[in-house]
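Here is the structure we will look at.
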Amino acid sequence: MRANGAVSLRELARVVQTSEVTVRRDVRALEAEGLLDRRHGGAVLPGGFTRESGFPQKSHLATAEKTAIADLAAGLVEEGEAIVVGAGTTTQELARRLARVPGLTVVTNSLLVAQALAHANRVEVVMTGGTLRGSNYALVGSGAEQSLQGLRVSRAFLSGSGLTAERGLSTSNMLSASVDRALVQAAAEVVVLADHTKLGTDTMFQTVPTDVITRLVTDEPPTHDDRAATELQALADQGVQIAVAGGSAGSNSGSSGVDSVPARQPRRDVPLPGQRRNHGGHGAGPGQLRSAVLGEQQPGERAARVADLRRR
């Protein structure tokens with residue numbers, strides 16, 4: 001924890017060669033002593049709402065989940081589009097996959113996103129101005145915000161430190177939050193990339209209110225994580241379209257953009273939040289991703305909530 005600033009339960013279990021159940025119990029004990037703060041799927045150094053881990057720490061958390069999310073989100077982007085991509089380790093993973101989309105224009109304030117696309121053929125990268133924030137390799141401040149004025153693109157892809165149905169996407173840094181809000185203003189649709197460890201986590205500065213989020217691309221919560229499943233249901237109830245990477249269909253749905261739903265569960269069409277809020281964004285055309293199913297159902301109330309998300 002002291003070396004990386006953050007750890008995942010999965011990585012801890014591998015290192016100490018024990019089960020995640022045992023690790024989770026030990027993490028609870030360490031939290032009770034004030035030595036760390038628990039997060040879904042892992043833990044971070046204590047600091048509450050105002051603490052933000054730097055890039056080296058974030059890059060060690062939920063790496064497999066971020067990869068799956070990026071694979072799925074890349075299916076939303078079509079040839080010839082103009083999009084904005086915010087800063088973050090998950091958006092960096094997305095950028096690596098966008099390098100294969102011809103005719104794409106990507107506006108970003110992230111040096112990591114720009115680096116991932118620097119040698120991509122037929123992908124134009126537009127950097128904002130601003131002051132470099134070294135902890136996450138992002139350009140922030142008034143220069144970044146002013147360079148986004150008058151810009152209009154089809155979609156914004158953003159990440160953050162936490163996501164709740166009550167407040168939406170949030171971050172621990174005021175300058176980063178301000179630039180993210182400017183990125184949102186430039187886009188017809190807002191796509192949030194957030195792994196399950198961020199669901200139910202609330203941090204200091206709101207970046208994107210829930211009613212502005214068009215889509216959420218996330219991963220399958222662990223079977224024990226009722227809080228994440230409950231948060232997903234609450235977001236869906238507010239009209240956010242949810243795509244879940246993972247389970248048996250996760251690897252296929254991102255590329256095809258086609259739902260995979262068990263035959264015994266009738267499909268229910270969910271209106272796009274962009275239509276509900278009259279953003280003037282795109283509808284869910286045949287080439288666009290709508291959702292991916294989770295793995296096998298678990299008994300109890302949580303399974304019913306997750307199954308409802310599957311149908312959507």
Side-chain angles (χ1 to χ4, degrees), residues 49-50 52-55 58 73 76-78 80-96 98-99 101 103-120 122-163 167-194 203-215 273-274 277-282:
F49 282 89
T50 60
E52 182 184 30
S53 301
F55 172 77
K58 291 179 180 179
L76 285 170
V77 182
E78 299 176 353
E81 270 197 277
I83 62 174
V84 295
V85 180
T89 53
T90 311
T91 52
Q92 180 188 24
E93 288 295 326
L94 172 64
R96 290 172 177 150
L98 296 181
V101 182
L104 191 64
T105 300
V106 178
V107 181
T108 185
N109 69 318
S110 169
L111 298 187
L112 298 175
V113 169
Q115 182 184 40
L117 294 167
H119 300 292
R122 298 179 62 190
V123 176
E124 182 178 2
V125 180
V126 180
M127 293 288 299
T128 69
T131 303
L132 178 63
R133 184 166 180 260
S135 62
N136 64 346
Y137 301 95
L139 297 171
V140 298
S142 59
E145 296 172 38
Q146 290 173 8
S147 65
L148 292 166
Q149 292 180 1
L151 182 71
R152 193 64 172 170
V153 298
S154 58
R155 295 181 183 90
F157 291 87
L158 298 176
S159 187
S161 301
L163 177 65
R167 290 187 71 220
L169 191 66
S170 61
T171 186
S172 302
N173 182 265
M174 180 175 63
L175 294 176
S176 295
S178 186
V179 173
D180 282 352
R181 285 192 287 267
L183 291 172
V184 168
Q185 290 297 319
E189 292 184 356
V190 177
V191 181
V192 170
L193 312 182
T203 52
M204 193 168 184
F205 298 99
Q206 183 192 58
T207 56
V208 189
T210 305
D211 64 350
V212 177
I213 299 173
T214 308
R215 294 179 176 89
R277 298 193 259 297
N278 295 321
H279 284 174
H282 302 288

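Just so it is clear, the model here is predicted, and its values are computed rather than measured.
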Can you tell me which residue among [options] is in a side chain to side chain contact (heavy atoms under 4.5 Å, CB included) with [X]?
| X | options | answer |
| --- | --- | --- |
| T128 | L148, V179, T108, L151 | L148 |
| S154 | L76, V77, I83 | I83 |
| L117 | V101, L112, V123, L104 | V123 |

Which pair of heavy atoms, one from [X] and one from [Y], lies closest together, and at what distance?
| X | Y | answer |
| --- | --- | --- |
| S147 | G129 | OG-N, 3.4 Å |
| V84 | A156 | CG2-CB, 3.2 Å |
| A87 | A138 | CB-CB, 3.6 Å |
| A177 | F205 | CB-CB, 3.7 Å |
| R215 | E189 | NH1-OE1, 2.6 Å |
| S170 | T207 | N-OG1, 3.8 Å |

Between the side chain of [X] and the main-chain N/O of [Y], is any donor-acceptor distance below 3.5 Å?
| X | Y | result |
| --- | --- | --- |
| S159 | L193 | yes |
| T171 | G160 | no |
| T214 | V190 | yes |
| S178 | L175 | no |
| N109 | L139 | yes |
| T91 | V85 | no |
| Q206 | R167 | yes |

To the nearest 0.5 Å, how far apart are [atom1] in [X] and [atom2] in [Y]?
| X | Y | atom1 | atom2 | answer |
| --- | --- | --- | --- | --- |
| R133 | N173 | CZ | CG | 3.5 Å |
| R155 | L183 | CZ | CG | 16.0 Å |
| T210 | L163 | OG1 | CG | 7.0 Å |
| S176 | L158 | OG | CG | 11.5 Å |

Under 3.5 Å, is there a donor-acceptor pair between the Q92 and S110 side chains?
no

Between M127 and L111, is a side chain to side chain contact (heavy atoms under 4.5 Å, CB included) present by the stated rule, with each step listed?
CA-CA 8 Å; M127 293 288 299; L111 298 187; 3.5 Å; yes

